[in-house]
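Worth knowing before you read on, the calculation uses all heavy atoms, side chains too, and leaves out hydrogens, waters and symmetry mates. Model, not experiment: these values are computed from the prediction.
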Amino acid sequence: MRFSSRVPSDLAPNRLTRALDRLRAEGRPILDLTVSNPTAVGLTFDRAALAPLGSEDGLVYEPEPFGLAGARRAVAADFARRGFTVEPERVALTASTSEAYAYLFKLLCEPGDAVLVPSPSYPLFEHLARLGDVHAVPYPLDAHAGWGLDVEAVARLVTPATRAVFVVSPNNPSGTFLKPRELDRLAALAAERRLAIVGDEVFFDYPLDRARAEVAGVLDQSRALAFSLGGLSKSAGLPQVKLGWMAAGGPDALVREALARLELVADTYLSVSTPVQRAAGALIAAGAARRAAIQAR
């Protein structure tokens, strides 16, 4: 039997994972600070947190490619809470951030095209790109400048096959946020080379000591087509509920064209359940208490 080369086969547990498994088997106490699953670290949340999912409104199916209007308005309001002005019409719901990446690979790339991804960073980039028949080309973060974005290093890696630059802010694992001056230079490069900017900003609510004026989101610029990704998993501490989103920004003409094409992708899958869309406003609003508990930990 022949298997697709897009499905990675090199996913054996690494040395650290094996060591942790051995310690657990021995009954040794472990405080694993790499765990980002808020439901697995002993935090106490409201037992009725998921009650909004039981609304009778969820019994009626109304398929909308980008999601129900009420849920998109709730997401736009959450962007406003973080200081970004986003029209609900520019919001698209997904089942997860990983699915949002898959949509964007389909939107932005043809098979064999490339996207630039930060290194070190999110470990699934390579696998998601491979599944989308896209090459993930790593660009180095500047270790001598607090793991900041080195736009010159990004520029050197751009080729005719490059379609987008991915930014993770705050970065995982360095915790570094995108800075306004870095975004300004990246937006100039992206506009000049006709690249999209994709910002994974799922942890944007968890700065350690930075004021909003010291950090930037990809929607803070308007020169290049950009997408900001988020979801309930991190912003509301509800990874089990499976609701993500992306918001588009940049020049109006580019955004209109991108959303028209993205609508076909989203309409093909219609992956987001109706109950979670109906509950989105309440779940997002209740996220403040869970964020506070996660931040305190």
[X] versus [Y]: any side-chain heavy-atom pair under 4.5 Å?
| X | Y | value |
| --- | --- | --- |
| Phe203 | Ser235 | no |
| Glu62 | Val60 | yes |
| Leu243 | Val272 | yes |
| Thr39 | Pro239 | yes |
| Phe79 | Leu219 | yes |
| Val165 | Val115 | no |
| Pro173 | Pro120 | yes |
| Ile284 | Val75 | yes |

Cluster check [X], [Y]: I/L/V/M/F/W/Y, side chain < 4.5 angstrom:
| X | Y | answer |
| --- | --- | --- |
| Tyr139 | Val168 | no |
| Leu53 | Trp245 | yes |
| Val158 | Leu104 | no |
| Leu225 | Val117 | yes |
| Val41 | Val202 | yes |

With a 4.0 Å cut-off, would you call [X] and [Y] a salt bridge?
| X | Y | value |
| --- | --- | --- |
| Arg24 | Asp21 | yes |
| Glu89 | Arg256 | no |
| Asp205 | Arg81 | yes |

Verify side chain to side chain contact (heavy atoms under 4.5 Å, CB included) between Val134 and Leu128, making sure each step is shown before the conclusion. CA-CA 8 Å; Val134 173; Leu128 289 167; over 6 Å; no
Quick one: does [X]'s side chain have a donor or acceptor within less than 3.5 Å of a partner on [Y]'s backbone?
| X | Y | result |
| --- | --- | --- |
| Arg28 | Ala25 | no |
| Arg290 | Ala236 | yes |
| Tyr206 | Lys234 | yes |
| Ser96 | Glu99 | yes |
| Gln277 | Ala71 | no |
| Thr176 | Gly146 | yes |
| Gln221 | Ala216 | no |

Identified side-chain contact (heavy atoms from CB on, under 4.5 Å) partner of Met246 from the options Leu262, Val198, Leu93, Val91: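 In the set Leu262, Val198, Leu93, Val91, the residue that makes a side-chain contact (heavy atoms from CB on, under 4.5 Å) with Met246 is Leu262.
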More than 12 non-hydrogen atoms from neighbouring residues, nucleotides or ligands closer than 6.0 Å to [atom1] on [X], yes or no?
| X | atom1 | result |
| --- | --- | --- |
| Arg223 | CZ | yes |
| Glu110 | CD | no |
| Arg261 | CZ | no |
| Glu56 | CD | no |

Applying side-chain hydrogen bond (donor to acceptor under 3.5 Å, both in side chains) to Asn171 and Ser121, what does each step give before you reach the verdict? CA-CA 6 Å; Asn171 182 265; Ser121 193; 3.2 Å; yes
[atom1]/[X] to [atom2]/[Y] distance, rounded to the nearest 0.5 angstrom?
| X | Y | atom1 | atom2 | result |
| --- | --- | --- | --- | --- |
| Asp113 | Leu108 | CG | CG | 9.5 Å |
| Leu232 | Gln240 | CG | CD | 9.5 Å |
| Leu68 | Thr274 | CG | OG1 | 6.0 Å |
| Leu43 | Ile294 | CG | CD1 | 6.5 Å |
| Thr162 | His135 | OG1 | NE2 | 10.5 Å |
| Lys179 | Ser169 | NZ | OG | 9.0 Å |

Testing the basics here: between [X] and [Y], what is the closest heavy-atom pair and its distance to 0.1 Å?
| X | Y | value |
| --- | --- | --- |
| Ala266 | Pro65 | CB-O, 3.1 Å |
| Ala187 | Ala224 | O-CB, 4.1 Å |
| Val255 | Ala248 | CG1-CB, 4.1 Å |
| Ala282 | Pro52 | CB-CG, 3.8 Å |
| Glu201 | Gly217 | OE2-CA, 3.1 Å |
| Glu214 | Pro180 | O-CD, 3.5 Å |

Relative to the ring of Tyr101, is the ring of Phe125 parallel (under 30°), tilted (30 to 60°) or perpendicular (over 60°)?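 If you compare the ring of Phe125 with that of Tyr101, the planes turn out perpendicular.
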Test side chain to side chain contact (heavy atoms under 4.5 Å, CB included) on Thr97 and Ser233; report intermediate values, then the result. CA-CA 9 Å; Thr97 305; Ser233 177; over 6 Å; no
Is the NZ or CZ atom of Arg82 positioned over Phe84's six-membered ring, under 6.0 angstrom from the centre and within 45° of the axis?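 No, cation not above the ring by the 6.0 Å, 45° rule.
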Verify whether the ring centers belonging to Phe105 and Phe166 lie closer than 6.0 Å.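 Yes; Phe166 has its ring centre under 6.0 Å from that of Phe105.
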Tyr103 and its ring pair (Phe, Tyr, Trp, His ring centres under 6.0 Å) partner, picked from Tyr269, Phe66, Phe227: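 Of the listed options, the one satisfying the test is Tyr269.
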Worked verdict on Arg73 versus Glu87 for salt bridge (Lys or Arg N to Asp or Glu O under 4.0 Å): CA-CA 8 Å; Arg73 286 195 297 269; Glu87 299 174 4; over 6 Å; no
Mind running salt bridge (Lys or Arg N to Asp or Glu O under 4.0 Å) on Arg181 and Asp184 for me, showing each step along the way? CA-CA 5 Å; Arg181 64 178 180 276; Asp184 185 63; over 6 Å; no
Checking side chain to side chain contact (heavy atoms under 4.5 Å, CB included) for the pair Leu183/Leu149: CA distance, chi angles, key distance, verdict? CA-CA 9 Å; Leu183 175 64; Leu149 179 65; over 6 Å; no
Verdict with supporting geometry, Val167 and Asp200, side chain to side chain contact (heavy atoms under 4.5 Å, CB included): CA-CA 6 Å; Val167 177; Asp200 185 329; over 6 Å; no
